[in-house]
2 protein chains.
Amino acid sequence: MDHAFTIGRLSKESGVKVQTIRYYEEIGMMPLAMRSEGNQRLYGDAEIARLKFIRHARDLGFGLPAIRELLELGDAPEAPCAHADEIAKRQLRDVEEKIEQLTGLQTELTRMVKQCNHGQISDCRVIEILSDHDNCLEESHGGRAHVKS
Amino acid sequence: MDHAFTIGRLSKESGVKVQTIRYYEEIGMMPLAMRSEGNQRLYGDAEIARLKFIRHARDLGFGLPAIRELLELGDAPEAPCAHADEIAKRQLRDVEEKIEQLTGLQTELTRMVKQCNHGQISDCRVIEILSDHDNCLEESHGGRAHVKS
DNA sequence: GCTAATCTCTACAGTCTCTGGAGCTATTTG
DNA sequence: CAAATAGCTCCAGAGACTGTAGAGATTAGC
């Protein structure tokens, strides 16, 4: 935990590319790293965890602004609750919604895999099924849960 | 079912923006549309279903390459199941993994919201939850979610 | 100690997936 | 039939990377 390492090692440990790490630093998702005598970035274990977190959250479909908020919850655990609570609640709603939708897809994919028993996919109904799910379409907040808006 | 309609109606019915539909055509996610005398694209019901499917899958965090694969399952209904089965299983694994991670995050966020009601978030473990997931050796394929909110 | 291989640095161009605008044409409707 | 609406193509830009070039830093082998 003591000896710092450079960006290449951080990249390997976290699974985030070197360029991406520098990009995250640039946009403030990662703190400004200490520098060595020769101007190379130096990191510790905390950065590995942070990057793994970002990577997973990205994989789960969160946008960087959302992830930034989640990171803030961890960065300032002593902060007054009002704001954090609001963020946590909003993220929680988002997460619950994602789970719900994914569970629906899981069901359909499972059925499909079952139906697909080494024959032909003559009645593969993924498209039908997913496109007929009108109920989960009109979502409150304009559909895609992402940045922007 | 018979009368064709133009892109605006398709957009409304599917919930996908006009520009995005044209973009999908450009990159081959949607077939080249027939054109009217005046060069306007004409569509039928099949396109509505296809676009709804794409939209849902995007909302769920699938990348276009993955969606393309899923669409192929429906486009080639006479194809032998082997490959399709494999794709479906892979997507299913991906979905299950996401659900698992999201559930962990959900638990943590719920806990935080609860704690918030009583004072402060003394130990926020959001990062830990999502950063400790080493077992899921990041896999490429199409899981990437580029949706941002 | 010197050199070659291997990072790392900055800066900037390009990709992917949309999204929006300008300027013009087609269609609908009052 | 003119105005409003919708569509067309082409182009720019945003978000989140990804890759490349050229120069400096670090390390490993001799």
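Below, chain A is the first sequence line, B the second, and so on; all start at residue 1.
Note: CZ (R55(A)) to P (dC17(D)) measures 12 Å, nearest angstrom. Atom CG in L42(B) sits roughly 9 Å away from atom P in dC8(D) (whole-Å rounding). In this structure, R58(A) places its CZ atom 14 Å from C1' of dT18(D), rounding to the nearest Å. Taking atom OH of Y43(A) as the reference point, atom P of dC7(C) lies 16 Å away to the nearest angstrom. If you take CZ of R9(B) and C1' of dT28(C), they are 15 Å apart, rounded to a whole angstrom. If you measure from atom CD1 of I21(B) to atom P of dT17(C), you get 17 Å, rounded to the nearest angstrom. Rounded to whole angstrom, the span from the CD atom of E26(A) across to the P atom of dG15(D) amounts to 13 Å. Rounded to an integer number of Å, the gap from CD1 of I27(B) to P of dT19(C) is 12 Å.
Listed pair R22(A) / dT8(C) fails the phosphate criterion, with no side-chain N or O lying under 4.0 Å from OP1 or OP2. Taking only side-chain nitrogens and oxygens, R41(B) comes nearer than 4.0 Å to OP1 or OP2 of dC8(D). Phosphate proximity of dT9(D) to R35(B): present, with a side-chain N or O under 4.0 Å from OP1 or OP2. Considering only side-chain N and O atoms, Y23(B) lies nowhere under 4.0 angstrom from the phosphate OP1 or OP2 of dC16(C). A sub-4.0 Å separation between OP1 or OP2 of dT26(D) and a side-chain N or O of T6(A) is absent. Of the side-chain N and O atoms in T20(A), one or more sit less than 4.0 angstrom from OP1 or OP2 of dT18(D). Residue Y24(B) has a polar side-chain atom (N or O) positioned under 4.0 Å from OP1 or OP2 of dC18(C).
Between E97(B) and R93(B), no side-chain nitrogen of the basic residue sits less than 4.0 Å from a carboxylate oxygen of the acidic one, so the salt-bridge criterion is not met.
For I7(B), taking side-chain heavy atoms from C-beta onward, the closest of the listed nucleotides dT26(D), dG7(D), dT10(C) is dG7(D). Closest to the side chain of Q40(B), out of dC8(D), dC7(C), dC17(D), is dC8(D). Distance from the side chain of N39(B) is smallest for dT9(D) among the nucleotides dA16(D), dT9(D), dT17(C).
Between R9(A) and E13(A) there is a side-chain heavy-atom pair separated by less than 4.5 Å.
Judged by the 6.0 Å distance and 45° axis criteria, R50(A) is not positioned over the aromatic ring of F53(A). By the 6.0 Å and 45° rule, K98(A) stacks over the aromatic ring of F62(A).
Checked by distance alone, Q19(A) brings no side-chain donor or acceptor within 3.5 Å of a matching partner on the base of dT10(C).
Toward the 5' end of DNA chain C, the nearer of the two residues K17(B) and R68(B), judged by each one's closest nucleotide, is R68(B).
The one candidate from L42(A), V16(A), L10(A) that meets the side-chain contact (heavy atoms from CB on, under 4.5 Å) condition with E47(A) is L10(A).
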